[in-house]
Protein chains: 2
Amino acid sequence: MLKVNEYFDGQVKSVGFESAGDHASVGVMAPGEYTFGTAAPERMTVVKGALIVKLPGHVDWETYNAGDDFEVPGDSSFNVKVLETTAYLCDYL
Amino acid sequence: MLKVNEYFDGQVKSVGFESAGDHASVGVMAPGEYTFGTAAPERMTVVKGALIVKLPGHVDWETYNAGDDFEVPGDSSFNVKVLETTAYLCDYL
């Protein structure tokens with residue numbers, strides 16, 4: 001079951017799926033600044049492009065390039081700045 | 001501009017985008033067998049899961065796992081078998 005989702009007026013679009021019992025999504029973020037809330041903990045992996053991220057409880061922004069990943073606790077939120085349209089994988093942990 | 005596409009009765013869904021002048025898409029394939037035609041040459045990278053692929057002019061099927069990629073010539077077609085739902089990145093070359 002593949003589920004298309006759109007967020008932030010279509011500036012972020014994703015396809016959610018289940019694979020081998022894992023829940024995940026791949027998606028794309030257009031340039032902009034976003035705050036994402038998490039329900040479950042998740043691991044974000046940059047697939048193409050770059051995300052500039054401020055994790056919950058952090059003061060500094062950090063840049064993640066293609067192949068890099070970061071984890072976000074459940075029931076929290078994180079901030080993302082996107083300069084070039086960027087593709088990501090989100091694994092729900 | 002993020003463009004959602006669906007193929008094969010929704011068994012394959014993708015989000016197309018342009019980043020730094022490159023055209024690309026990320027998508028997900030549900031289990032099944034598919035034949036994809038190419039217009040431009042493209043590079044497919046497995047993001048999560050695995051694709052079993054027969055490239056144009058090849059006799060044998062080859063398995064590509066997460067992180068692996070393969071290139072397909074333009075104006076051709078290739079065959080894919082998917083056992084577990086699999087996410088991919090497609091770069092148009």
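The analysis underlying the following values was restricted to heavy atoms, covering all of them including side chains, and did not include hydrogens, waters or symmetry mates. Chain identifiers are assigned alphabetically (A, B, ...) following the order of the sequence lines, protein sequences preceding nucleic acid strands; residue numbering begins at 1 within each chain.
Contacts between residues 44-71 of chain A and chain B, counted as heavy-atom pairs separated by less than 4.5 Å, involve Val47(A), Lys48(A). Residues of residues 75-83 of chain B never come closer than 4.5 Å to chain A when only heavy atoms are counted. Within residues 85-93 of chain A, the residues that have a heavy atom under 4.5 Å from a heavy atom of chain B are Thr85(A), Ala87(A), Leu89(A), Asp91(A), listed by number. For residues 16-42 of chain B, heavy-atom neighbours of chain A at less than 4.5 Å comprise Phe17(B), Glu18(B), Ser19(B), Ala20(B), Asp22(B), Ala24(B), Val26(B), Gly27(B), Val28(B), Ala30(B), sorted by residue number.
A distance-only check finds a donor-acceptor pair linking the side chain of Lys13(B) to the backbone of Leu2(A) [under 3.5 Å].
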